[in-house]
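Structure record follows, encoded as structure tokens.
Quantities reported herein were computed from a predicted structural model and do not represent experimental measurements. Chain naming here is simple, since letters A, B, ... match the order of the sequence lines and numbering starts at 1 in each. Computed from heavy atoms alone, side chains included, the values below leave out hydrogens, waters and symmetry copies.
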Amino acid sequence: MQERYEPAAVERAAQDYWDSQGTFVAREQAGRGKYYCLSMFPYPSGRLHMGHVRNYTIGDVLARFMRMQGLNVLQPMGWDAFGLPAENAAMANGVPPARWTRENIAYMKRQLQALGFGLDWTRELATCDPEYYRWNQWLFLALLERGIAYKKTGVVNWDPVDQTVLANEQVIDGRGWRTGAPVEKREIPMYYLRITAYSEELLDALDGLHDWPERVRTMQANWIGRSEGCEVSFPYADDIQAALEQGALAPPGAVAGGVAQALAALQRDGTLKVFTTRVDTLFGVTFAAVSAEHPLAALASVGNPQLAAFVEECRRGSTMEADVATMEKRGLATGLHVLHPLSGAPIEVWVANYVLMSYGEGAVMGVPAHDERDLEFARRHGIAVRTVVRPALASWEQVGAAWLPEYAAHGITINSGEFSGLEFDAAVAAISGALEQRGLGRKRVQWRLRDWGISRQRYWGCPIPLIHCAACGEVPVPEADLPVRLPEDLVPDGSGNPLEKCAAFLHVACPRCGRAARRETDTMDTFVDSSWYFLRFASADQRAAPVDERVQYWLPVDQYIGGIEHAILHLLYSRFWTRAMRDLGLVKLAEPFGKLLTQGMVLNQIYYRQPAAGRRVYFNPAEVEVHFDADGKRTGAILTGDGQAVEIGGLGTMSKSKNNGVDPQSMVEKYGADTARLFMMFASPPEQTLEWSEEGVQGQFRFLRRLWKAVYEHVVAGPVSAHQGLVSIAADAALGAAGAALRRQAHHTLERVTDDIARRRVFNTAIAASMELLNAVTRYQEPGPMARAVRHEAFEIIVLCLSPMVPHISHELWYALGHEQALIDATWPRPDQHALAQDTVELIVQVNGKLRARVQVATGADEASARAAAMADATVRRFVGDAPPRRVVYVPGKLLNIVV
RNA sequence: GCGAAAGUGGCGGAACUGGUAGACGCGCUGGCCUUAGGAGCCAGUGGGGCAACCCGUAAGAGUUCGAGUCUCUUCUUUCGCACCA
């Protein structure tokens, strides 16, 4: 063993050893317990970022720990390789997305290897490989055949200048990111997956996901959004009937296409349908509101230029729900009416920009007295407010001008004709019963979840395997012709999908009739790619099918690790897709992920200067020097380049725009992979945000160097051999008080670290405990062979406990401590109960809940002896006084509280 | 706007099941040492008093013998909102 810790050499040696042994190549072994440990695969953006390092270190710590627990571990890795950034890079540099992506993959793979992750690279996959995406296509056609995939129109962001569909990310403040033109909504045909058919199952099964974070389950449940309520039909009044008849009588061609469609839809429906969870307030309805895309809005716009302009205005702006929800709530009356389904009173229909066509029926009933948004709308437009519910303890007769939350509370119906005087459940039952009798309503369940639109008008994605034939319609690509290969040499220019201009791709013979036909140019949402990759890893080399029986062995994933930002979409789509594959008979499981760990974001300081004119200039923290005063408080920061001050802008997630990213590569080159891994695990618990700190990294490097030096000094002080420590110390050996205390601490550390990793999934405290043990063992200076054995055992425990986090240095130190077997193949030991035993324990003594003393009592002491020990303390006696205590609370082994 | 979570020293964090607030590390202060290294070692470090003790976990209330932890209200920050991945 050499005296100096040189991470580069240590890490190369350890990695060479694992590679040469094929240590991390996983093989199915019937009857042996398996552990499938999966971290979310990266998008190959160019270089690893700190979030990746964090994510994959967590996964690797668990994988290595479970391996040492004796499990057959699979930890695979792949690439989420399709997506928008490759097209943006292509536009910026003129390099085809395929080349850019593959070069990034090669670079990032080397980075992952340098970090020493125990990955099974024989199962590597990239979603842009035809061998992978052919099965996307195959599965899509199977879903299409089963009716789970289907076609309908959907709304997209449209850039009228570039004549192209924009992703939400490409819409900045309602304008196209390249052209600056106001974005419009546009309806186009798309393919959808019927995830809503699984709403109930996806919701109910959340209860069984005990090892998922509570907050993720709550978010998914709210996203699926089950609400029980009533569908209510409002018959058309004479004015709508007249408009419909007039439209129907008009000569063909006299009405525009959109209006003709609207007429047909309205005639088909026959009534205005709304969904409500508060049918008990039906008699409080004073208006109805429809979305601007609702057919009734189109009908009312005919001959009403003001309304037509408003409807047109609503078409502008993005499709993002957050934008829709925060914009000013506006509306305009249509002049048309529907009839109250029970009273027959006419109700005016309004067009409102806050009604979403995609939720419910695209129309709502307006009850200003008992709904906050409706009240705001009614007050602004002078619509009547009719109070129809009064809570049992309400102090008001009629709702006031300003909204109060109790207006929405359940209560007793009033002003509701024969339905007055009923409490909520009875009112709902009576009113929905009456509606059902008239054929104007029924109770039903409404879901917030919408079907999943997977069509993307983009190049760098998996082609949707369909052919459009003038004679045969939409024809699936025959299985023998799969995969439909994406041409890899195109470079997008921002004006639409380049596939539409690629003759070689576009023109194809119809598989049915052989005549000239046109390929579908839309590609699939990249969430499709990531919805089943975890299944493919189990059978990555299977050429004849997407998955095979090996899925049975490896799945479900035992531990899934990824960013909290995926809490809803990716995880829900994966749960759905797995069920869809189950219903295709391809797999037997429904839930793909057993345990879920959602890691927090990586943050860093933001430094900037604000010029007198123009935009802020951001400086990377690596170029900034921070200054502290004598109390350790931060006083300011300067740019090392010019020595001038920079502003401190607080913390933010590492990003290009704030220039506060730190390249993991520089950290690995400077300090080694072990320091990088150790810092990421030590700086905060995995589920919380992590703040980058260069000083913190240095601290971890110093710790590793101290550990190396301590082991070196131990090793050179005398002969070492395996089994010198853990098993050689006789249970009743005379160790002396200090030796026994160190042994107890060592085994207590082992116990804590095991629990921290296996049960609590926190690593910062496991590392802290190991640091404490190193501090203790370096303080322990007893001479003699017995003391040497105690030290040796403590060192072994430190190296073992840290090994999942810092596998390279541990690999080396384990050999130095005399072992012949590699550490990765060692078994995780159990703490020695005998070493843990104690004769006395410290008892906290409180008087009136305030700490007054600590006393030593025998382990298992009863209350009387604990009280006696406490009263022997002068401070305790002083605070207790002469009067007998009013109450005494005794928690054995912990605390005694005397209440006076 | 809606949904979810989090606020503890100068900083990151610890306190797991309601029972010692501040483990471990960073930063800072003082000292020692030297082969002057992105070193190492020793001591100190929540605030007040510098003693006894008192006060302290975003703010305010409540439950309890006892609250950082449970309940309610408010404030702030972070994540998601269906075409970023």
For RNA chain B, what residues of residues 766-774 of chain A have any heavy atom nearer than 4.0 Å? A:Ala768, A:Met771, A:Glu772
Rounded to whole angstrom, note down the C1' distance from B:A58 over to B:A43. 34 Å
A:Ser318 and A:Asn157: side-chain hydrogen bond (donor to acceptor under 3.5 Å, both in side chains), yes or no, with the steps? CA-CA 6 Å; A:Ser318 84; A:Asn157 301 307; 4.8 Å; no
Considering every strand and a 4.0 Å limit on heavy-atom distances, what is the contact class for A:Met190: base, sugar-phosphate, or nothing? base
Nearest-angstrom distance, C1' atom, B:G18 to B:G68: 11 Å
Given B:G13, B:C84, B:G38, which nucleotide is nearest the side-chain atoms of A:Gln698? B:G38
Pairwise P distance for B:C81 and B:U71, with rounding to whole Å: 28 Å
Answer with yes or no whether the side chains of A:Asp451 and A:Thr196 bring together a donor and an acceptor at under 3.5 Å. yes
With RNA chain B as reference, determine whether A:Val165 or A:Gly699 sits nearer its 5' end, using the nearest nucleotide of each. A:Gly699
For atom P, what is the distance between B:U73 and B:G3, given to the nearest Å? 13 Å
Quick check: do A:Val855 and A:Leu896 have side-chain heavy atoms less than 4.5 Å from each other? no
Scan A:Arg752 against the nucleic acid and name what it touches under 4.0 Å (heavy atoms): base, sugar-phosphate only, or nothing. nothing
Tell me the interatomic distance from A:Met680, atom CE, to B:G12, atom P, rounded to whole angstroms. 16 Å
Is A:Glu214 paired with A:Arg217 through a side-chain N to carboxylate O contact shorter than 4.0 Å? yes
My understanding is that a pair needs two contacts under 3.5 Å, Watson-Crick or G-U wobble. By that rule, which nucleotide pairs with B:G25? B:C11
Does B:G49 pair with anything, Watson-Crick or G-U wobble, both distances under 3.5 Å, and if so, with which nucleotide? none
Between atom NZ in A:Lys894 and atom P in B:U17, what is the gap in whole Å? 11 Å
Would you say the side-chain atoms of A:Asn848 and A:Arg886 include a donor-acceptor pair closer than 3.5 Å? no
Pairing partner (Watson-Crick or G-U wobble, both distances under 3.5 angstrom) of B:C79: B:G3
As its Watson-Crick or G-U partner within any shown strand, both distances under 3.5 Å, B:U20 has none
With distance as the sole test, does A:Thr689 use its side chain to make a donor-acceptor pair with the main-chain N or O of A:Gly600 at under 3.5 Å? no
P spacing across the pair B:U34 / B:A21, given as an integer number of angstrom: 43 Å
Minimum-distance nucleotide (side-chain atoms of A:Thr526 versus B:A82, B:A5, B:A85): B:A85
Pick base, sugar-phosphate or nothing for A:Tyr354, based on heavy-atom distances below 4.0 Å to the nucleic acid. nothing
Counting any heavy atom closer than 4.0 Å, what does A:Arg760 reach on the DNA or RNA strands: base, sugar-phosphate only, or nothing? base
Can you find a donor-acceptor pair, distance only, under 3.5 Å between A:Arg759 side chain and B:C16 base? yes
For B:G38, give the paired nucleotide (Watson-Crick: N1-N3 plus N6-O4 or O6-N4; G-U: N1-O2 and O6-N3; both under 3.5 Å), or none. none
Please state how far atom CZ in A:Arg4 lies from atom C1' in B:G40, giving the value in whole angstrom units. 13 Å
Without hydrogens or angle criteria, can the side chains of A:Asp159 and A:Thr164 be said to hold a donor-acceptor pair below 3.5 Å? no
Separation between the P atoms of B:C50 and B:A39, rounded to whole Å: 39 Å
Quick one: label A:Ser45 by what it contacts on the DNA or RNA (base, sugar-phosphate, nothing), any heavy atom closer than 4.0 Å. nothing
Sugar-phosphate, base or nothing in reach of A:Phe682, heavy atoms under 4.0 Å: base
Aromatic contact between A:Tyr354 and A:Phe377, with the criterion being ring centroids under 6.0 Å apart: yes or no? yes
Walking RNA chain B from its 5' end, the first of A:Thr326 and A:Asp451 to be reached, judged by nearest nucleotide, is A:Thr326
If you check every side-chain atom of A:Thr875, which of B:A14, B:A85, B:C53 has the closest atom? B:C53
Using a 4.0 Å heavy-atom cut-off, does A:Pro685 contact any base of the nucleic acid, only the sugar-phosphate backbone, or nothing at all? sugar-phosphate
For B:G68, give its Watson-Crick or G-U wobble partner with both distances under 3.5 Å, or none. none
Under 4.0 angstrom, heavy atoms only, what part of the nucleic acid is A:Arg373 near: base, sugar-phosphate, or nothing? nothing
Cationic N near anionic O, under 4.0 Å, A:Arg759 to A:Asp755: yes
Just compare B:A5, B:G19, B:A14 and give me whichever is closest to any side-chain atom of A:Thr765. B:A14
NA contact type, A:Leu84, heavy-atom cut-off 4.0 Å: base, sugar-phosphate, or nothing? sugar-phosphate
Scan A:Asn775 against the nucleic acid and name what it touches under 4.0 Å (heavy atoms): base, sugar-phosphate only, or nothing. sugar-phosphate
Reading nucleotides 67-81 of chain B from the 5' end, what letters show protein touch, with B for base, S for backbone sugar-phosphate only, - for no heavy atom under 4.0 Å? ------------SSB
Testing B:G1, B:A85, B:C16 for proximity to the side chain of A:Pro85, the answer is B:A85
Without hydrogens or angle criteria, can the side chains of A:Tyr198 and A:Trp577 be said to hold a donor-acceptor pair below 3.5 Å? no
A:Leu449 near the nucleic acid: base, sugar-phosphate alone, or nothing, with a heavy-atom cut-off under 4.0 Å? base
What's the NZ-C1' distance between A:Lys850 and B:G56, to the nearest Å? 11 Å
Over how many whole Å does the gap from A:Arg852 atom CZ to B:C65 atom C1' extend? 15 Å
When we call it a touch if two heavy atoms are under 4.0 Å apart, what does A:Val156 touch: a base, just sugar-phosphate, or nothing? base
Distance from A:Tyr459 atom OH to A:Asp522 atom CG, nearest 0.5 Å? 15.0 Å
Between B:A14 and B:G19, how many Å separate the two P atoms, rounded to a whole number? 16 Å
Nearest 0.5 Å, what's the OG1-CZ distance between A:Thr153 and A:Arg186? 13.0 Å
Under a 90° cut-off about 0 for the syn range, is B:G13 syn or anti? anti
Side-chain N,O (A:Arg887) to OP1/OP2 (B:C65) below 4.0 Å: yes
Among B:C11, B:C65, B:C41, find the nucleotide with the atom closest to the side chain of A:Glu691. B:C11
Nucleotide of B:U20, B:A85, B:G38 approaching A:Lys670 most closely (side-chain heavy atoms): B:G38
Using a heavy-atom cut-off of 4.0 Å across all strands, would you classify A:Asn222 as base, sugar-phosphate, or nothing? sugar-phosphate
Are any non-hydrogen side-chain atoms of A:Tyr573 and A:Ile195 less than 4.5 angstrom apart? yes
Rounding to the closest angstrom, what is the interatomic distance between B:A51 and B:A5 at atom P? 47 Å
Determine the contact category for A:Gln457: base if any of its heavy atoms lies under 4.0 Å from a base atom, sugar-phosphate if only primed atoms, P, OP1 or OP2 are that close, otherwise nothing. base
Need the pair for B:A58. Rule: Watson-Crick or G-U wobble, both distances under 3.5 Å, any strand; none if unpaired. B:U74
Aromatic rings A:Tyr560 and A:Tyr533: how do their planes relate, parallel, tilted or perpendicular, breaks at 30° and 60°? tilted
